[in-house]
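Every value quoted in this text rests on a predicted model; they were computed, and no experiment measured them. In what follows, residues are counted from 1 in the order of the sequence shown. Side chains are part of it too, since the values below use all heavy atoms of this structure and drop only hydrogens, waters and symmetry mates.
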Amino acid sequence: MSKIKSYFLRQGLTRVKVDEYLAQNFYTAGYAGVQIVQSGLGTRVHIFAERPALVIGRRGATIRKLQAVLEKVFGLEGVQVTVSQPDNMELNARVQAFRIARALEMGYHFRRVAMATMRRIMEAGAVGVEIVISGKLSRERARFEKLQAGKVIKTGNVVDVYTDRAIAYAKLPLGIIGVEVRIIKPEAAKPDILLRPDSEAATIAAQLSEEASEGQGEQRVKEIIEGGEEGGEVQAKS
């Protein structure tokens with residue numbers, strides 16, 4: 001294995017270890033994810049959490065301990081930790097999964113919690129959402145409940161690009177309850193090709209014809225293809 005491949009494999013493995021460590025220790029803070037950026041000045045670790053104050057701690061005590069752990073245990077150099085909330089917590093699968101798990105541990109009924117969570121996610125603009133809760137929900141025999149709303153896509157490239165999925169676990173007296181949340185982001189509903197109105201398409205076609213006669217047509221077409229013109233595909237009906 002080349003040095004380049006081994007380097008990126010080590011980087012990816014370190015990120016996964018840090019992510020699992022943070023998810024386990026900052027479960028109550030609504031941990032949502034982490035970004036690790038290495039540079040010549042050190043390593044910048046950006047943590048996303050629903051409640052950043054629980055990650056920072058009183059007078060920064062928790063974050064200082066975290067910096068020491070990242071340097072000594074995970075081998076990161078010159079660690080600088082920043083904490084903030086994710087852009088849209090209602091569309092973050094990990095935040096929603098941890099919310100459901102915490103609500104189950106507090107004694108709320110699983111179906112009521114799942115329905116309320118789905119409603120908030122759909123109101124935030126999601127295309128679809130699926131919540132699966134499994135374990136000993138109401139009796140000694142384990143089972144699972146699957147609740148869906150909207151359009152849930154499970155195949156194709158859309159799953160990799162526009163689907164956010166997370167799993168959380170709730171510790172109850174009857175046993176461990178698993179929570180899986182799958183959110184289809186709003187971008188999945190946008191069309192890949194935007195058709196312009198016939199009048200606008202005819203105007204652009206006329207401009208291209210004039211520029212082609214002046215010897216500038218090839219460059220103009222290249223600019224439109226590469227995004228020089230506002231997004232969309234020019235198409236006119238015959």
[X] and [Y]: same hydrophobic cluster, using ILVMFWY side-chain contacts below 4.5 Å?
| X | Y | result |
| --- | --- | --- |
| Leu137 | Ile100 | yes |
| Leu54 | Phe48 | no |
| Val152 | Val132 | no |
| Phe110 | Tyr108 | yes |
| Val79 | Leu66 | yes |

Under 3.5 Å, is there a donor-acceptor pair linking the side chains of Asn157 and Tyr162?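 Distance-only check fails for Asn157 and Tyr162.
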
Between the side chains of Gln11 and Gln38, is a donor N or O closer than 3.5 angstrom to an acceptor N or O?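 Yes - a donor-acceptor pair under 3.5 Å links their side chains.
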
Please confirm whether the backbone N or O of [Y] pairs with a side-chain atom of [X], one donor and one acceptor, at under 3.5 Å?
| X | Y | answer |
| --- | --- | --- |
| Arg15 | Val34 | yes |
| Glu71 | Leu76 | no |
| Asp164 | Ala93 | yes |
| Arg64 | Arg59 | yes |
| Thr203 | Ser199 | yes |
| Ser6 | Lys3 | yes |

Considering residues, nucleotides and ligands other than Leu41, do more than 12 of their heavy atoms fall under 6.0 Å from its CG?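 Count not over threshold, so no.
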
Neighbour count above 12 (heavy atom, 6.0 Å) for Gln80 CD: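 Not more than 12 within 6.0 Å, no.
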
Which atom of [X] lies closest to which atom of [Y], heavy atoms considered:
| X | Y | answer |
| --- | --- | --- |
| Ala49 | Ala29 | CB-O, 3.8 Å |
| Ala170 | Leu104 | CB-CB, 4.2 Å |
| Pro86 | Met89 | CG-CG, 3.4 Å |
| Tyr169 | Gly178 | CD2-CA, 4.1 Å |
| Ala101 | Ala168 | CB-CB, 4.1 Å |

Do [X] and [Y] sit within salt-bridge range, that is, some charged N less than 4.0 Å from a carboxylate O?
| X | Y | value |
| --- | --- | --- |
| Glu105 | Lys171 | no |
| Glu50 | Arg102 | yes |
| Arg99 | Glu90 | yes |

At what distance, to the nearest 0.5 angstrom, does OG of Ser134 lie from CD1 of Ile167?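 So the OG of Ser134 and the CD1 of Ile167 are separated by 9.0 Å.
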
Atom pair OG1/CG of Thr43 and Leu70 - distance to nearest 0.5 Å: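 These two atoms lie 9.0 Å from each other.
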
Check salt bridge (Lys or Arg N to Asp or Glu O under 4.0 Å) between Glu20 and all other residues, then give those that pass, not counting sequence neighbours.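 With sequence neighbours excluded, Glu20 shows a salt bridge (Lys or Arg N to Asp or Glu O under 4.0 Å) to no residue whatsoever.
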
Stepwise, does the side chain to side chain contact (heavy atoms under 4.5 Å, CB included) test hold for Ile184 with Val129? CA-CA 6 Å; Ile184 311 301; Val129 57; over 6 Å; no

Salt bridge (Lys or Arg N to Asp or Glu O under 4.0 Å) partner of Glu180, chosen from Lys146, Arg94, Arg165: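 Result for salt bridge (Lys or Arg N to Asp or Glu O under 4.0 Å) with Glu180: Arg165.
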
Tyr31/Asp19 under side chain to side chain donor-acceptor pair (under 3.5 Å): CA gap, chis, key distance, verdict: CA-CA 9 Å; Tyr31 171 73; Asp19 182 68; 2.6 Å; yes

Under the ring-ring contact (aromatic ring centres under 6.0 Å, His included) rule, collect the residues that match up with Tyr27, sequence neighbours excluded.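 Once residues adjacent in sequence are excluded, the partners of Tyr27 under the ring-ring contact (aromatic ring centres under 6.0 Å, His included) criterion are Phe98.
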
